[in-house]
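These notes concern the structure reproduced below.
This chain uses plain numbering: 1 for the first residue, then up along the sequence.
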Amino acid sequence: MRQAIPFALSKEKSFFDSLGDWMGDMLYDELPEKGLECRDEQIFMAYQIEKVLREKSVLFAEAGVGTGKTIAYLLPAISYARYTGRPALIACADETLIDQLVKDGGDIHKLQQYLDLNIDVRLAKSRDQYLCLKRFEEAEKFHDGEYIDDIVETIPDGVFGQGTLSLYGQRSDYPNVSDADWQKVNYNSIQQCSVCDLRNRCGQTLHRADYRQATDLIICSQDFLMEHIATKESREREGQLALLPEVSMIVLDEGHLLEYAAQKAMTYKVQDYTIVKLLDMLMVDGLREKTLYTMEKLQDGHELFFDQLRDDVIESDEDRKRINKSPLLLKLGQKVIDTVESLLEEFVFESEMYVIPEYELRMVEEFLEQYEAAMRIFIAQGDAVDWLEETDGEETLVIMPRLITEVLEEKLFSKKIPYVFSSATLSINKDFSYIANSLGINKFQSFSVSSPFEYEEVMKIQLHKVAQEEKLSSVEKLLQDDEKTLILFKSKQAMQKFKGQLAEELRADVAFEGDRELSSLIRDFQADEVKVLCSYHLWEGLDLPEESLTRVIIFDLPFPPNDPLFDAKRSFATDAFEEVDLPFMLLRLQQGMGRLIRTSKDHGDIHILLNEEEYKHKEKIQPIFAVEATEV
C-alpha cells in the first residue's frame, strides 16, 4: 500500500520546495536532537540531490568518509518514492553491502527509530544468491557434507509438503556454507525457471514477488541491476517480468564500481564441461538415432574446440588469459556452430514426441542458443573482447561483445529519471572525467566535499619499502600483536598465494574471503572471534567501527591486471598508464585506506607494502593520503 509523504504538501509550494524545508528541519533540528551529529557536508549533499530530483539528471556526489552520505540520500529518496508512487532503487557495490545497509543499528534502522517512519525496504539479490531446488536435489544424491544438512533445516515444510511458504534460500541464510559448496546448489545461468515444476515454491521466486511490492526502497547489488538491464528485453519478449520493477530514481552507492558490474553482466560464458553434461542428461531411451548422432558430434566438436583453445591460450599469472586465435581454432568454432544449428532443428522434432521432459529440453535449447550466439561473436574477429578464465571451478571462455560505455548510455542512462552516484572516491583530484567517460555519461553535475575528521589525530600511514618475496614475512611480523587487522590484496590469486605461505601458528587467528559466506566472516571478525581478515573484495563499503578494526595492510598497490579486458580499455587511451592504470589504482587505494576511519571514534594505522617497482609510484600516491606518510 502506498505510504504518505513524510511532510505536508500545500498549493503554495511545489513538492521539491516542501522537501527542502522538511530536510532542513530533519538535518538541522530533529536528527541532532536524537543524537546524530549535524554535518554541513551532509546537508549540502542532501540539497544537491534535491536539485537532481527536480532536473532528473545525473549527479556524482563525492563525499568523504564520515559525512553521512547514506542519510543524505535516504531522506530525499524515500520522499521521492512516495511522491511518484514508485520505489527508489539503491544499488550497492556487492551483495555483502546490501545486508550491512539494512542491519540493526544501520542508517535505515536509525531513521525508522528517530523519525518514527515506517520505511518499506526490501532486498533484491542476484540470482546466484539463491538456492536452486533442482540443483539441491541433485547435490543431495551425489554429494555428502554438513552443508547439505544445514540447508535442509532451513527449507520450509510447504516446499515439499503441507505447510507455510516463508521467505528462504538466500546465500546469507547459510553462513557456515563455503563458497565452493554454495556453487553446487545455487542458481546458475543454465536453469530454466520458466518451465521448472518447483518454480512456485522456489525461494528466489518468493523473494522476487516480495520485493516487487516495495513502496519505499529496493536495495540490490550493482551486479543485479546490470543483470536486469542485460536481460530486460529478452525476458519481456518471452512474456516474463523484468528482474526489477520500474523505479523512481537510482542511487549507486560506491558508484565508481558500476563499470565492472556492467562488464560482468554483458558477457557470454562458454564453459568447458557444461554442454557435455547437459547433452548427457538428454540422452534418454526413445530418442531418434539422428538426434543422438548430432548430440555426440557436438560433444566431440566442443571438446576439440576447447583442446585447441587451451593450446592457443597465452600463459600468464592473470585470472583472465589472452587467446591467440589460430586458424584451426576458428575452423573448429565454425564446425561447432553448424552442429548446434543442426541439433536445434532435431530438437523441434523431438519436442513433438515428448520423449525428453519439457524442463530439460527448454534448458538445453536456451543454453545452445546462447552458446551459438557467443561462438559467432568469438569467431567473427570483430571488436569483441574475449579471454579464458576459471569460473565455478571450470574453464570458461568469456566473450564481451560491446563496449560497456555504449551499452550503459543506451540502456541505463537514457531513462529520464534521477541518478545519484555516491562514494568517497569518484574523482581524481576533483576531476570526474575518468568515471564519466568510463560509463558513457556526457552530461552530469558533480561536487566533492571532504571528510569532517581530524585524521592527523587518529591515523598514521606507514610506507614499507620491501622486496616482493619479503612481503609475507613483513606481514607476519606485524601480526605478532593483537591489533584487529584487515589485509587487502589486489586479486584472489595474490591472496591465495599468501594463504598458502602463511606460517601455521598464525592461521588460527586469520580468516580468508571464500572460506565461508563473506558477511558471516565479517561478523566473526567484528565479534573478535578472529583477529585478521584477508580479502580481495573489501576495498570499499566495509564499516567496522572503533576497536573492531585498528589496522589496514595494503599488500600490493591495486593496479588493474594485464588482461584482455583492461588491454581493450588501454587500446582506446592515448596514454594507457595515465588514463587507465593509474586512475584505477588511485581510486581503489583511496577506497582501501578509507576502511580504517569510519566514525569520529575510530583510530589506527595503515601499512602500505611497496616493492621496488611500486616504490617508483610513491610521488603519485602521496597526494591522496589524508595524512603525511612515514617510511619504515
Side-chain angles (χ1 to χ4, degrees), residues 93-94 256-257 260 316-321 389-390 425 428 460-479 483 485-503 506-507 510-514 518 532-542 549 551-563 565-567 569-570 576-578 580-596 604-626 629-632:
D94 58 38
H256 62 288
L257 296 173
Y260 310 108
S316 72
D317 292 332
E318 303 296 346
D319 293 329
R320 303 183 184 115
K321 300 186 186 300
E389 68 178 29
E390 185 173 296
T425 50
I428 305 294
K460 294 179 181 178
I461 299 177
Q462 297 185 11
L463 303 180
H464 299 253
K465 186 178 181 182
V466 57
Q468 187 66 31
E469 60 272 15
E470 295 175 3
K471 286 186 176 182
L472 172 67
S473 60
S474 296
V475 172
E476 288 178 336
K477 289 176 183 176
L478 289 170
L479 298 185
E483 292 292 318
T485 303
L486 171 68
I487 308 178
L488 293 171
F489 297 86
K490 66 179 181 180
S491 66
K492 179 180 180 180
Q493 187 180 47
M495 186 192 75
Q496 295 286 31
K497 183 178 180 180
F498 173 88
K499 181 180 181 181
Q501 297 175 343
L502 184 65
L506 293 173
R507 291 193 182 188
V510 181
F512 290 88
E513 178 180 346
L518 187 54
V532 181
L533 178 60
C534 295
S535 175
Y536 56 95
H537 268 139
L538 295 175
W539 289 83
E540 53 273 315
L542 180 67
L549 178 64
R551 180 167 57 200
V552 173
I553 299 175
I554 309 291
F555 196 80
D556 296 296
L557 289 184
F559 279 106
N562 291 311
D563 65 19
L565 182 55
F566 277 94
D567 283 350
K569 290 172 67 69
R570 295 177 183 109
F577 180 78
E578 291 290 336
V580 178
D581 294 65
L582 184 63
F584 177 94
M585 183 273 288
L586 291 175
L587 279 173
R588 202 147 178 79
L589 182 59
Q590 287 180 92
Q591 283 288 334
M593 293 190 297
R595 295 316 93 215
L596 184 64
D605 299 337
I606 294 173
H607 297 263
I608 304 175
L609 309 186
L610 302 173
N611 61 31
E612 186 175 351
E613 185 62 31
E614 292 168 325
Y615 190 78
K616 296 176 182 177
H617 305 297
K618 186 182 75 166
E619 302 303 321
K620 297 284 189 181
I621 65 177
Q622 283 181 322
I624 69 172
F625 294 163
T630 59
E631 292 192 37
V632 295

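- Each of I554, L533, D556 was compared with L488 under the side-chain contact (heavy atoms from CB on, under 4.5 Å) criterion, and only I554 meets it.
- Side-chain contact, E631 with Y615: a donor N or O sits under 3.5 Å from an acceptor N or O.
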List the steps and the verdict of ring pair (Phe, Tyr, Trp, His ring centres under 6.0 Å) for Y536 and F489. CA-CA 5 Å; Y536 56 95; F489 297 86; 8.7 Å; no
Please lay out, stage by stage, how T630 and K460 fare under the test side chain to side chain contact (heavy atoms under 4.5 Å, CB included). CA-CA 8 Å; T630 59; K460 294 179 181 178; over 6 Å; no
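- Counting only heavy atoms from C-beta outward, the side chains of R588 and L257 approach each other to under 4.5 Å.
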Could you go through I621 and M585, starting from their C-alpha distance and side-chain angles, then the distance that decides it, and tell me whether this counts as side chain to side chain contact (heavy atoms under 4.5 Å, CB included)? CA-CA 9 Å; I621 65 177; M585 183 273 288; 3.7 Å; yes
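- At least one side-chain heavy atom of L538 sits less than 4.5 Å from a side-chain heavy atom of L518.
- Within the structure, no pair that satisfies the salt bridge (Lys or Arg N to Asp or Glu O under 4.0 Å) test touches residues 486-497, not counting sequence neighbours.
- By the 4.5 Å heavy-atom criterion applied to side chains, H607 and L478 are counted as neighbours.
- Remark: of the listed residues E614, E613, E612, E619, E613 is the sole one forming a salt bridge (Lys or Arg N to Asp or Glu O under 4.0 Å) with K616.
- At a threshold of 4.5 Å between non-hydrogen side-chain atoms, the residues Q591 and H256 count as touching.
- Between the CG atom of L596 and the CZ atom of R551 there is a distance of 11.0 Å, given to the nearest 0.5 Å.
- Using modelled atom types, no side-chain atom of Q462 and backbone atom of V632 make a donor-acceptor pair closer than 3.5 Å.
- By the 4.5 Å heavy-atom criterion applied to side chains, P560 and R570 are counted as neighbours.
- Taking the six-membered ring where tryptophan is involved, the planes of F498 and F512 are tilted, since the angle between them lies from 30° to 60°.
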Do T485 and V510 pass the side chain to side chain contact (heavy atoms under 4.5 Å, CB included) test, and can you show the C-alpha distance, the side-chain angles, and the key distance before you say yes or no? CA-CA 9 Å; T485 303; V510 181; over 6 Å; no
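- Q493 has its side chain out of reach of Q496: every pair of non-hydrogen atoms, C-beta onward, lies at least 4.5 Å apart.
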Check the pair M593 / I461 against side chain to side chain contact (heavy atoms under 4.5 Å, CB included), numbers first and verdict last. CA-CA 9 Å; M593 293 190 297; I461 299 177; 4.3 Å; yes
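- Here the side chains of L557 and N611 are not in contact, with every heavy-atom distance at 4.5 Å or above.
- Salt bridge annotation for E513-K499: absent, with no cationic side-chain nitrogen under 4.0 angstrom from a carboxylate oxygen.
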